[in-house]
J.: 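Please see the structure below; I have some questions.
Here the structure is a predicted model, which is why all the values come from computation and not from measurement. Computed over heavy atoms, backbone and side chain alike; hydrogens, waters and symmetry mates excluded.
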Amino acid sequence: RVLFRSHKHKRMGIEKRIYKTNINQMLRYLTLIFYGVFGIGCIYAFFLIFCFSTFKIPSDSMEPQLQTGDQVLVNKWIAGPRLFNIFASMKGKRVDIYRVPGVGQIKRNDILVFNYPHPYSWERIEMHIMQYYIKRCLGLPGDSIRIEQGFYRNNHTKEPLGNVESQANLSRQKADRMPDGVYRCFPFDSTFNWNVHDFGPLYIPRKGDRITVNQTNYKLYKQMIEWESKDSLSWKDSKVYIGDKQVRQYRFQSNYYFVAGDKTENSRDSRYLGLIPEEFIVGVAWKVWKSVDPYTGEYRKGRFWKNIRNN
């Protein structure tokens, strides 16, 4: 009996040690899995914040270069990734945006992804993190943009801008056959009477530029000045006030860009939105990594990993 009990105790001890060993191994495996998933999540978050993001083309405004249903990779390294309080932005609060220095510069005809500047009202510039647009950059800070008979012109280059064929189609359309909301353009003021056939010249502010705040510049740059100063801009008795302070000149704190869709006849762009602050730019569209026809659900194999070219 003593011998039997001794063997029984030994067996129970061995079983306990095996059980503890198995538990310890399982805990080690779970720990490794946790750290692996956590590490992959950190790497994924790092790439989303600092390197690349993906954007789905929701409309035909960039055809034929980009088609509805395309998924594009957006390169953040060129302009530099942005840092801001994403949770406050999702709640609709205004946030300070900081940009890490990029490795290059945005160029004319680059296709940009940016935050839509009027998510709540046409009267002011605001940013909502969940609302994005994609358009082609036709004007850089320091350029002047105009439209002549439907064709874009830039004072710093004679190269074609955007989709020239689409601009030619627009130039042939009669003004009286266009809805007023399509024909008339920013700043929607009878003093200028700018439209899709005849627009500008509009100077695109560069950070550090100074302008005289006269009546013309008041109407052209009001929203930008209010966005930068975080205060109201008003015209009283032929004088301009930021809040309660009279100003005669204003120095811009940000760079701005003029963007336009390739499908000129059907694109809500800077002709209507006005200029885009540099802080709103996510990055430069790089490649179409996937494309699905939104009507049939079929993959467009010919568009897989397709380069996005500049005109």
Side-chain angles (χ1 to χ4, degrees), residues 53 55-66 70 72 74-76 78-80 82 97 99 102 104-119 122 125-128 131-147 150-157 159-164 166-167 170 182 185-188 194-196 199-207 220-221 223-224 227 252 254-286 308-311:
S53 61
F55 179 82
K56 184 178 180 180
I57 304 301
S59 71
D60 63 354
S61 68
M62 286 300 295
E63 288 186 353
Q65 175 68 238
L66 299 174
D70 282 352
V72 301
V74 180
N75 185 343
K76 296 183 177 182
I78 295 174
R82 303 179 300 170
I97 302 170
R99 189 177 290 279
Q105 293 182 336
I106 294 170
K107 301 186 293 294
R108 298 179 193 92
N109 277 323
D110 279 350
I111 296 179
L112 306 178
V113 172
F114 57 92
N115 291 107
Y116 179 59
H118 302 289
W122 280 94
I125 294 175
E126 298 172 284
M127 188 185 86
H128 192 290
Q131 296 189 31
Y132 297 97
Y133 267 34
I134 183 166
K135 305 292 177 185
R136 191 179 296 278
C137 175
L138 302 187
L140 301 174
D143 290 348
S144 287
I145 284 284
R146 67 188 188 279
I147 300 175
F151 291 90
Y152 291 105
R153 300 286 185 257
N154 186 309
N155 68 321
H156 282 155
T157 181
E159 295 181 1
L161 296 169
N163 185 348
V164 177
S166 178
Q167 293 167 44
L170 179 64
V182 173
C185 290
F186 172 87
F188 305 101
W194 289 356
N195 55 71
V196 294
F199 178 100
L202 173 63
Y203 178 75
I204 305 170
R206 179 173 42 201
K207 185 177 181 179
L220 288 177
Y221 303 111
Q223 292 185 4
M224 286 168 270
W227 177 73
F252 284 100
S254 296
N255 291 316
Y256 292 85
Y257 296 80
F258 186 98
V259 297
D262 281 0
K263 195 170 185 178
T264 318
E265 314 97 305
N266 181 34
S267 175
R268 182 180 292 184
D269 47 41
S270 283
R271 294 172 298 175
Y272 309 101
L273 305 176
L275 302 174
I276 307 300
E278 187 172 66
E279 287 83 348
F280 283 34
I281 294 175
V282 179
V284 178
W286 177 46
I308 296 175
R309 63 180 178 82
N310 299 326
N311 284 356

J.: Evaluate the side-chain contact (heavy atoms from CB on, under 4.5 Å) criterion for residues Leu202 and Trp194: first the C-alpha distance (whole Å), next the side-chain angles of each, then the deciding distance (0.1 Å), finally the verdict.
T.: CA-CA 10 Å; Leu202 173 63; Trp194 289 356; 4.1 Å; yes

J.: Do you know the tightest heavy-atom contact between Leu275 and Tyr203?
T.: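 So the two residues come closest at CD1-O, 4.0 Å.
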
J.: State the CZ-CG distance between Arg153 and Asp143, to the nearest 0.5 angstrom.
T.: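 The CZ atom of Arg153 sits 14.5 Å away from the CG atom of Asp143.
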
J.: Looking only at heavy atoms, which two atoms of Arg108 and His156 are closest? And how far apart?
T.: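 Shortest heavy-atom contact: NH2-CB, 3.4 Å.
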
J.: Can you check whether Asn155 reaches Pro201 side chain to side chain, under 4.5 Å on heavy atoms?
T.: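 A side-chain contact under 4.5 Å is absent here.
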
J.: Per the side-chain hydrogen bond (donor to acceptor under 3.5 Å, both in side chains) rule, which among Glu279, Gln131, Arg82 passes with Asn115?
T.: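 It is Arg82, the one option of Glu279, Gln131, Arg82 that forms the side-chain hydrogen bond (donor to acceptor under 3.5 Å, both in side chains) with Asn115.
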
J.: Where is the tightest heavy-atom contact between Arg271 and Ser267, given as atom of each residue plus distance?
T.: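 Scanning both residues, the minimum pair turns out to be NH2-O, 3.1 Å.
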
J.: Could you go through Tyr221 and Tyr256, starting from their C-alpha distance and side-chain angles, then the distance that decides it, and tell me whether this counts as side-chain contact (heavy atoms from CB on, under 4.5 Å)?
T.: CA-CA 11 Å; Tyr221 303 111; Tyr256 292 85; over 6 Å; no

J.: For residues Met224 and Leu220, report the shortest heavy-atom separation together with the two atoms involved.
T.: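 Where Met224 meets Leu220 most closely, the heavy atoms are CE-O, 3.4 Å.
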
J.: Atom CG in Asn109, atom CG in Asn163: separation rounded to 0.5 Å?
T.: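 Spacing of CG (Asn109) from CG (Asn163) equals 10.5 Å.
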
J.: Take Tyr116 and Tyr133 through the test ring-ring contact (aromatic ring centres under 6.0 Å, His included) and record every step on the way to the result.
T.: CA-CA 6 Å; Tyr116 179 59; Tyr133 267 34; 4.7 Å; yes

J.: Would the distance check show the side chain of Gln167 and the main-chain N or O of Thr264 forming a donor-acceptor pair, the cut-off being under 3.5 Å?
T.: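 No, Gln167 side chain to Thr264 backbone: no donor-acceptor pair under 3.5 Å.
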
J.: Do Leu138 and Asn154 make a side-chain contact, defined as non-hydrogen atoms from C-beta onward lying under 4.5 Å apart?
T.: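 Heavy-atom side-chain distance check fails, nothing below 4.5 Å.
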
J.: Are the side chains of Leu140 and Tyr257 in contact, using a 4.5 Å heavy-atom criterion?
T.: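 Yes, at least one pair of side-chain atoms sits under 4.5 Å.
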
J.: With a 4.5 Å limit on heavy-atom distance, are the side chains of Leu112 and Val284 in contact?
T.: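 Answer yes - side chains close enough.
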
J.: Is the backbone N or O of Val164 less than 3.5 Å from a side-chain atom of Tyr152, with the two atoms forming a donor-acceptor pair by type?
T.: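 Here the side-chain-to-backbone pair does not exist.
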
J.: From Ser61 OG over to Asp262 CG, what is the distance, rounded to the nearest 0.5 angstrom?
T.: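 Ser61 atom OG to Asp262 atom CG measures 8.5 Å (nearest 0.5 Å).
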
J.: For a 4.5 angstrom cut-off between non-hydrogen side-chain atoms, does Met127 reach Ile97?
T.: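 Yes. Closest side-chain heavy atoms under 4.5 Å.
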
J.: Do you know the tightest heavy-atom contact between Glu265 and Ser166?
T.: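 What the structure gives for the nearest pair is OE1-OG, 2.6 Å.
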
J.: To the closest 0.5 Å, what do you measure between CZ (Phe55) and CG (Leu66)?
T.: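 Reported value, rounded in 0.5 Å steps: 9.5 Å.
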
J.: Can you tell me how far apart SG (Cys185) and CD1 (Ile147) are? Round to the nearest 0.5 Å.
T.: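 Nearest 0.5 Å value for the SG-CD1 distance: 6.0 Å.
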
J.: Taking the side chain as C-beta and beyond, is there a heavy-atom pair between Pro119 and Glu126 under 4.5 Å?
T.: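 They are in side-chain contact.
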
J.: Any side-chain heavy-atom pair from Lys207 and Pro141 closer than 4.5 angstrom?
T.: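 No; the side chains remain at least 4.5 Å from each other.
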
J.: Do side-chain atoms of Arg99 reach the backbone of Gly80 as a donor and acceptor pair under 3.5 angstrom?
T.: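 Side chain of Arg99 to backbone of Gly80: a pair is present.
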
J.: Just say parallel, tilted or perpendicular for the rings of His118 and Trp122, cut-offs at 30° and 60°.
T.: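 Judged by the thresholds at 30° and 60°, the geometry between His118 and Trp122 is parallel.
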
J.: Run the side-chain contact (heavy atoms from CB on, under 4.5 Å) test on Val182 and Tyr272 for me, step by step, so that the C-alpha distance in whole Å, both residues' side-chain angles and the decisive distance to 0.1 Å come before the verdict.
T.: CA-CA 9 Å; Val182 173; Tyr272 309 101; 3.9 Å; yes

J.: Rounded to the nearest 0.5 Å, what separates atom CD1 in Ile204 from atom CD1 in Ile145?
T.: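 The distance works out to 5.0 Å.
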
J.: Give a yes or no answer on whether the side chain of Asn75 reaches the backbone of Trp286 with a donor-acceptor pair at less than 3.5 Å.
T.: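 Flag not set: sc Asn75 to bb Trp286 has no pair under 3.5 Å.
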
J.: Please report the shortest heavy-atom distance between Val282 and Ser53, naming the atom on each side.
T.: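 Heavy-atom minimum between the residues: CG1-OG, 4.0 Å.
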
